[in-house]
Amino acid sequence: MTDTKTLTTEQPDQAALKPAVRMPAAVAHGLAIGGGALTAASAFLAWTYSSSFPGDLTISGYPGGLQWLTLTAGLLTALMGVIAAVPGLRVLAPGNPGNATLLFAVGGVAVTWFTLIAIAVQLHGLVNLTSGGWVAGVASLIALVGTLGLPRAPGSTVCAPTRAEWLQTLYAGAGLLAVGYLLHLTGNGAAGLVMAGAGVVPIARLCIVLKHYTGPTPTLRAAKRLPVAVDVVLMILMLALALEIFAYGVDTPYGQLFVGFLAVLCFSLWALSQSGLLRRATEIFERNRAWAAVLGFLTAAAFVFVQQSDADAALGVNVLIFAATALGLNVVVGLAGLLDLGYVAFLGVGAYAAALVSGAVTSSVHATFPFWAAALTGAAVSGIFGVLLGAPTLRVRGDYLAIVTLGFGEIFRIVVSNLDGVSGPNVTGGPNGIVNIPDLSILGFNLGNPHTILGATIGRFANYFWLMLIIMAIIMLVFSRAADSRIGRAWVAIREDETAATAMGINGFRFKLLAFALGAALAGLAGTVMAHVNFSVVPDPFVFAGPVPPNSAFLLAAVVIGGMGTVSGPIVGATLFYLLQQKLTFLQSNELLIFGVALILFMRLRPEGIIASRRRQLEFHEAEDAPAAQLSTAGA
Amino acid sequence: MRNRSLLMLTAIAAAGTLTLSACGSRAASGASGSSSASSATTVTIGVDAPLTGPLSALGLGIRNSVDLAIKTANKTNEVPGITFKIEATDDKASPQQGQQNATTLVADSNVVGVVGPLNSGVAVSMQKIFDEANLVEVSPANTNPSLTQGPSWGTGTKVRQFKSYFRTATTDAIQGPFAAQFVYTTLAKKKVFLVDNKLTYGVGLVATFKDEFTKLGGTVAGQDHVTSGASDYSSTVTAIKASGADVVYFGGEYPDGAPLAKQLKAAGYNGPVVGGDGMKDDTFIKLAGTASEGDYATSVGAPVESLDSAKTYIANYKAGGYTDPYAAYGGYSYDSAWSIIEAVKAVAAANNGKLPANPRQAIETAMAQVSFSGVTGQVSFDQYGDATNKQLTVYGVKSGQWATIKTGTFSG
Amino acid sequence: MHELPQNLANGLFLGAMYGLIAVGYTMVYGIIQLINFAHGEIFMTGAFGALAVYSKLGANVSIWLALPLMIVGGVATATLVAVLAERFAYRPLRNAPRLAPLITAIGLSIFLQQLVWGFPGNKSARVFPQLPGGPFHLGSVVFQSADIFVVVAAVLSTLFLAYFVRSTRTGRAMQATAQDPDTAKLMGIDTDKVIVIAFAIGAVFAAIAGISSGLRYGQIEYNMGFLNGLFAFTAAVLGGIGNIYGAMLGGLVLGLAQTLSAAYIQYIPGMSQFGSQDWSGVWAFVILILVLMFRPQGLLGERVADRA
Amino acid sequence: MTTETTTTPAAAPAAGTPLLEARDVVMRFGGLTAVGGVDLTVNTGEIIGLIGPNGAGKTTFFNCLTGLYVPTEGQVRYQGQLLPPTPHKVTQAGMARTFQNIRLFHNMTVLENVLVGRHTRTKEGIVSAILRGPGYRREEAESRAKALELLEFVGLADKRDMLARNLPYGEQRKLEIARAMASEPGLLLLDEPTAGMNPQETRATEELVFAIRDRGMAVLVIEHDMRFIFNLCDRVAVLVQGKKLVEGDAQTVQSDERVIAAYLGTPMDGAEAGTESTTSTEENQ
């Protein structure tokens with residue numbers, strides 16, 4: 001879709017730094033601020049006649065659903081427009097407030113027009129839009145035009161795509177339309193999706209243009225150090241805001257709202273990074289690492305207080321289980337460079353081990369371990385399986401490992417299905433699994449019972465959420481400390497060049513085995529909690545690819561797309577994946593199809609993942625930035 | 001440079017989802033339920049089934065049948081003053097997802113009962129969530145006896161597991177032995193070869209069949225377990241032929257049953273293949289072709305053509321304009337939804353025609369008394385929450401059609 | 001034990017099919033060291049392509065007339081998919097780190113499965129036409145027309161491939177590229193073309209295997225490529241990856257191992273519960289691990305010296 | 001290059017005792033004999049050169065010494081102990097090497113590369129890495145100090161946070177030497193350390209090798225550059241067609257007619273041509 005040649009920065013041509021739309025600066029500022037304000041105001045109007053569009057946008061005077069997002073985007077545009085217009089407010093946006101205003105305005109256009117189109121499509125026809133809807137649409141466009149008239153940042157290029165690029169876009173779009181139409185004729189369920197993809201192509205092209213237009217992220221001089229107390233307060237505020245935004249996203253009741261939310265969020269983040277605020281925020285977190293860790297943990301724990309019901313906490317638990325497992329896989333894939341395609345089996349081993357010693361009636365082992373012992377058992381048994389599997393295969397060429405692990409993932413399910421006393425010894429209860437696993441009881445506190453803290457009812461899943469959060473913290477600690485140690489260096493060395501690593505005295509086999517076993521043990525640990533959360537362990541979920549995470553393919557994707565070798569990458573990847581497959585229900589059965597395409601596109605466009613470790617970053621883009629870069633920001 | 005390529009990718013993703021969801025917002029259109037009666041209370045009946053993925057054919061049949069039941073109830077004003085609404089959730093055949101759906105349904109105070117799930121493996125992760133909220137759950141498809149009667153049901157110690165869990169599906173404990181009696185007595189085959197596909201349904205069926213069949217005096221010539229979806233059953237076929245068995249009992253669904261039947265007949269085996277309701281599907285005959293001739297499958301309830309309610313249901317379903325077939329569990333799903341409606345009716349009737357503020361507990365209690373003539377026959381629940389309807393019918397493949405062979409009530 | 005000949009024959013038929021798929025894995029791996037994870041799906045698209053041709057022809061056309069057309073259709077579909085995949089998914093990543101093309105391959109595999117699944121009627125198994133005739137009896141062994149088809153196809157394909165690789169210009173260019181792609185390029189060999197041809201040949205073989213599978217089992221499914229692909233790759237490793245005869249041999253060994261383990265493991269004292277068909281996949285996997293432990297280069301593979 | 005810094009020299013046995021003894025090392029690949037019975041002794045404090053025309057089997061011999069190849073015949077002893085045929089154990093025993101074609105860990109920083117070299121001299125395992133007890137911290141600090149000192153020694157201290165791949169060629173060579181030295185070897189094996197260097201860089205490398213010897217390490221070096229070798233080495237062995245032709249001090253070797261013939265080219269016979277092509281692919285890796 002893009003080719004890297006257009007991405008390489010061209011020499012900023014000072015003469016070309018005129019805005020895209022020529023107008024006096026005062027007019028531009030005025031239009032930007034006014035358009036933003038008007039957009040915000042239009043959210044209070046009724047946009048449609050029918051209340052059957054989700055969120056009920058028929059009420060004047062009170063915004064609903066997607067209108068809130070338009071309101072937010074409009075306000076942000078106006079606010080940033082003011083900052084851009086008044087030189088004395090530059091402290092508030094040390095980077096490039098003009099660009100930030102532009103991007104907020106684009107976010108506003110995106111969410112507003114998306115809503116209008118969705119209304120028109122869903123209710124069949126433009127007649128469903130009231131004048132209020134048109135006001136919103138026009139207002140957002142006015143803001144956009146205004147921001148396009150703002151002075152441009154140095155380093156940006158107005159590079160209208162070349163003729164060839166437009167043609168490319170055209171062909172790609174037309175091709176997708178044609179393919180989509182063909183699929184439609186054959187009745188394929190993915191037809192609409194492919195045709196919609198045709199709409200994405202020009203939008204993507206526009207995004208590229210926008211990217212050039214805004215130029216690189218501004219570099220800032222380090223800000224003055226603030227007192228730690230101020231920093232802490234700022235961090236608390238930022239984290240609280242992030243939590244609120246996250247909770248809003250998690251709680252979006254219908255797909256359209258989630259999509260609008262994502263659009264506003266993406267463009268707002270882009271705008272914040274252009275405004276320099278993101279950089280400032282990062283600085284604060286980086287200079288108070290210990291505080292940041294503690295506050296981050298507390299913020300995550302506070303999630304259960306901002307949730308609407310225990311259903312959100314259930315979602316949170318599942319996300320955490322998925323993310324923790326992905327982080328375990330990151331040891332294997334990201335650090336040691338070993339491809340494990342059957343990783344979910346280790347989660348299964350942990351879950352089964354915990355279920356067996358849980359005291360469930362259906363367990364074939366009649367023993368009840370306390371949780372700490374069960375967790376250790378799960379991790380240990382899983383680690384042992386890792387060693388058993390790794391010992392014969394880690395000696396041979398790396399590619400074979402992929403197939404052996406894939407095979408292991410598959411036969412794990414077959415084996416546990418057969419260990420039911422009929423076609424194998426009775427261990428796992430066969431296809432019926434181990435069911436009615438009792439809730440955990442830690443220090444006499446039963447996690448199954450709801451209780452009240454600070455006036456809020458903390459339900460069963462909230463309890464497990466906290467437990468899982470602690471386990472997550474442990475896994476993060478293990479990962480980051482192992483990565484930054486003699487062991488972690490040995491893993492990376494093996495990944496980089498195994499022959500050279502052994503010549504440096506590293507026992508390649510032993511360390512690969514260690515990575516494999518540690519990864520397996522971490523997955524096993526997550527599995528122990530999963531068994532209790534789900535009340536049961538059955539063979540079916542432990543597949544290579546399925547619609548619901550965790551499964552091996554999703555785990556791998558969370559690591560790879562999130563960012564190999566980093567702590568935050570797999571967590572971000574896992575969260576994003578889980579929420580997307582939960583929220584985008586309008587994709588119907590096409591989630592896996594999208595997932596497959598996403599994997600391919602990511603490998604093409606950004607193989608280092610969303611959060612790139614500094615190593616990966618350079619590994620994948622060696623051609624792009626050959627000049628030596630002093631690495632100041634640590635990735636891992 | 002690098003960060004920008006990420007930003008771009010997210011922007012593309014955002015743009016993509018924008019375009020997509022604008023085009024594909026069909027999700028909400030599945031919900032129905034007219035709100036004609038202005039003063040009416042609207043309550044929700046939840047559905048949990050795999051609506052997407054490989055099992056979606058069955059899941060959609062469940063959802064549509066519940067939808068049909070709700071529409072019918074609203075149309076006939078079955079419960080005066082109360083309108084029903086459907087809330088369908090997709091569990092994607094995953095226990096995790098099912099559990100999450102359960103918490104979502106529990107959190108919605110309008111939900112008075114839930115139909116589902118399809119998979120026993122999903123059920124076990126949901127039962128307790130519903131139970132703690134006293135929210136009635138009626139499964140149209142779970143056949144594992146231990147879901148209601150506890151893990152030791154086979155040894156006679158039956159203990160009700162969850163007071164909120166009911167099912168209209170018949171359990172393996174009835175269907176397997178019924179098939180065994182049919183094979184041993186009616187078909188007079190005394191030497192059976194057992195095959196299952198190592199999934200919950202098949203394993204349970206084969207186990208109960210085996211117990212009853214040996215109790216009757218038959219012999220088990222051999223037993224094999226096949227990988228679901230593997231389709232190469234040549235070693236199984238060879239073993240069956242070598243065992244000298246005169247009948248094969250297959251525990252599993254038709255996608256595995258059909259190739260087995262086909263490969264058996266192709267290899268020159270002459271005995272019939274007998275299966276459960278998972279095999280009694282027209283696709284079985286389509287897939288296995290002429291090889292299916294003479295095979296048998298048991299199914300719950302009286303023969304379809306003898307039940308007026310079933311005929312009405314099928315006609316209404318067709319008239320309802322659903323794009324997906326009602327599939328194997330459509331009838332049970334309709335009955336499941338209807339049983340909830342009946343319970344709501346009973347509660348409302350006992351409370352001056354209105355539902356109490358939190359009716360869940362009352363509805364759960366009322367479920368035990370529910371009794372009506374449904375699609376699959378008389379529907380009511382016993383002390384474990386199982387369907388009391390123990391009538392089963394044997395169908396056989398005759399000239400490319402399922403034909404009723406025998407119907408009867410299991411007693412044993 | 002008197003059914004031994006029958007079991008051997010069953011294993012042979014199954015193994016021939018694995019071998020046909022395995023050739024694709026082994027050729028691509030031999031040349032660009034890529035596990036083409038999506039090859040199982042190429043196999044699947046081959047079968048569906050053939051079925052599409054059949055359903056267009058209508059039920060009145062004799063199967064003997066339809067079969068050649070179905071083969072053409074299946075082969076064309078599979079080859080098209082493979083070549084497109086090579087061109088648009090793999091080629092841009094030729095110089096990327098190892099993990100990138102592998103993950104692309106996984107994505108492609110999922111994508112192809114879902115795409116085929118999306119066609120109406122493909123959500124569950126589809127009926128595949130049957131070859132008339134049979135069952136044939138040879139001593140105590142019973143087999144079908146489709147079994148003859150798969151064996152003949154495997155033998156002919158192997159002979160063709162042997163001729164192709166040894167005696168044609170392209171075949172020799174292929175060998176040279178496998179040995180050392182850089183030198184081959186310097187020698188004027190169009191390595192891109194060679195790689196495309198490797199993908200295409202693999203796809204042709206996979207399509208034939210896909211059609212055999214349909215003919216033998218009477219039904220095809222969108223996910224049929226996963227398990228078969230997994231076993232075929234195992235077969236390729238077993239035979240020595242990179243060696244086309246190894247792929248065939250590995251397929252046969254694996255097919256026999258699966259059939260025989262399903263039939264006879266239960267007679268080993270203490271193993272009576274482990275002999276079902278369901279366990280045979282596990283035993284195939286155990287064999288793979290054993291081979292990797294004791295003969296990592298595979299049955300026919302050559303020892304690759306560790307390079308310093 | 002920095003001048004002498006205070007370091008603790010690697011535990012060096014009394015000068016002049018044999019450190020490495022290779023006896024009759026034979027390496028065959030299939031029917032092809034790459035190394036045919038080479039003897040070589042390196043004593044403590046010595047700098048030994050190994051020269052020979054392309055394809056003479058020098059790198060193969062190196063690989064036999066360092067455990068990458070298991071010699072078909074013959075023995076390699078280090079400090080009297082038979083060396084195990086696994087590279088990491090050889091390094092553990094006290095022999096470290098560099099590679100002909102630089103094999104750094106490209107995506108690790110300069111400092112991390114040297115820290116990896118410390119691997120065999122550190123012990124902390126996974127548990128202590130996670131718990132970060134005082135022992136771990138001490139060891140990590142020591143490793144760091146040692147690594148920084150080595151970077152100082154080769155002149156790369158100010159580039160410690162750069163990625164190895166971004167270093168210029170000559171500095172990559174230096175880094176590879178520093179990385180090898182980090183394992184505190186008694187004997188350092190350098191495989192063509194000046195390949196691709198200009199004369200100034202070559203001279204600097206010469207100085208560096210002497211400085212390394214002054215730190216108490218013996219050095220075995222493969223090289224093409226005659227002048228470099230003859231300036232540097234106490235003894236030089238010449239390998240031709242997998243066999244040791246001559247061994248002696250620079251003077252002896254330089255005046256040996258067979259060496260001149262081997263280098264200046266009496267036409268090679270057919271077998272030699274074959275040997276050359278195959279061995280060179282091995283060396284190319």
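Lettering follows sequence order; numbering is per chain, from 1. Keep in mind that the numbers below use all heavy atoms, side chains included, and drop hydrogens, waters and symmetry copies.
- One finds a salt bridge joining A:R489 and D:E140 here, because a Lys/Arg side-chain nitrogen approaches an Asp/Glu carboxylate oxygen to under 4.0 Å.
- Formation of a donor-acceptor pair under 3.5 Å by the D:T91 side chain with backbone atoms of A:A503 is found in this model.
- With a 6.0 Å radius and a threshold of 12 heavy atoms from other residues, nucleotides or ligands, A:R287 has its CZ atom above the threshold.
- Interface check for chain A: of the options D:E176, D:R118, D:R132, the most heavy-atom pairs under 4.5 Å are formed by D:R132.
- Taken to the nearest 0.5 Å, the CD atom of D:Q92 stands 10.0 Å off from the CG atom of A:N507.
- Using a 4.5 Å cut-off between heavy atoms, A:F511 contacts chain D through its side chain alone, with no backbone atom that close.
- D:A129 and A:R481 make their closest contact through O-CB, 3.7 Å (heavy atoms, listed as atom of the first residue, atom of the second, distance).
- Within the 3.5 Å criterion, the main-chain N or O of D:H106 finds a donor-acceptor partner in the side chain of A:E496.
- The 12-atom threshold is not exceeded at CZ of D:R144, counting heavy atoms of other residues, nucleotides or ligands nearer than 6.0 Å.
- Residue D:Q200 places its CD atom among more than 12 non-hydrogen atoms of other residues, nucleotides or ligands, all under 6.0 Å distant.
- Here CD1 of D:I130 is found 6.0 Å from CG of A:L518. Values are rounded to the nearest 0.5 Å.
- By the 6.0 Å contact criterion, CZ on D:R160 is open, its count of non-hydrogen atoms from other residues, nucleotides or ligands being 12 or less.
- With a 4.5 Å cut-off on side-chain heavy atoms, A:V492 and D:F105 do not count as touching.
- None of D:I126, D:T122, D:L115 except one satisfies the side-chain contact (heavy atoms from CB on, under 4.5 Å) rule with A:R486; the exception is D:T122.
- Looking only at side-chain heavy atoms (C-beta outward), A:T502 and D:T86 stay at 4.5 Å or farther from each other.
- Rounded to the nearest 0.5 Å, atoms CG (D:N113) and CE (A:M504) are 9.5 Å apart.
- Contact of D:L167 with chain A is not made at all, since no heavy-atom distance falls under 4.5 Å.
- Residue A:I506 touches chain D through both its backbone and its side chain, counting heavy-atom pairs closer than 4.5 Å.
- Tested against A:D497, the residues D:R103, D:R165, D:R179 include a single salt bridge (charged side-chain N to carboxylate O under 4.0 Å, His left out) partner, D:R103.
- Neither the backbone nor the side chain of D:R121 comes within contact range of chain A, judged by heavy atoms closer than 4.5 Å.
- Here the closest non-hydrogen pair linking D:G125 and A:I487 is C-CD1, 3.8 Å.
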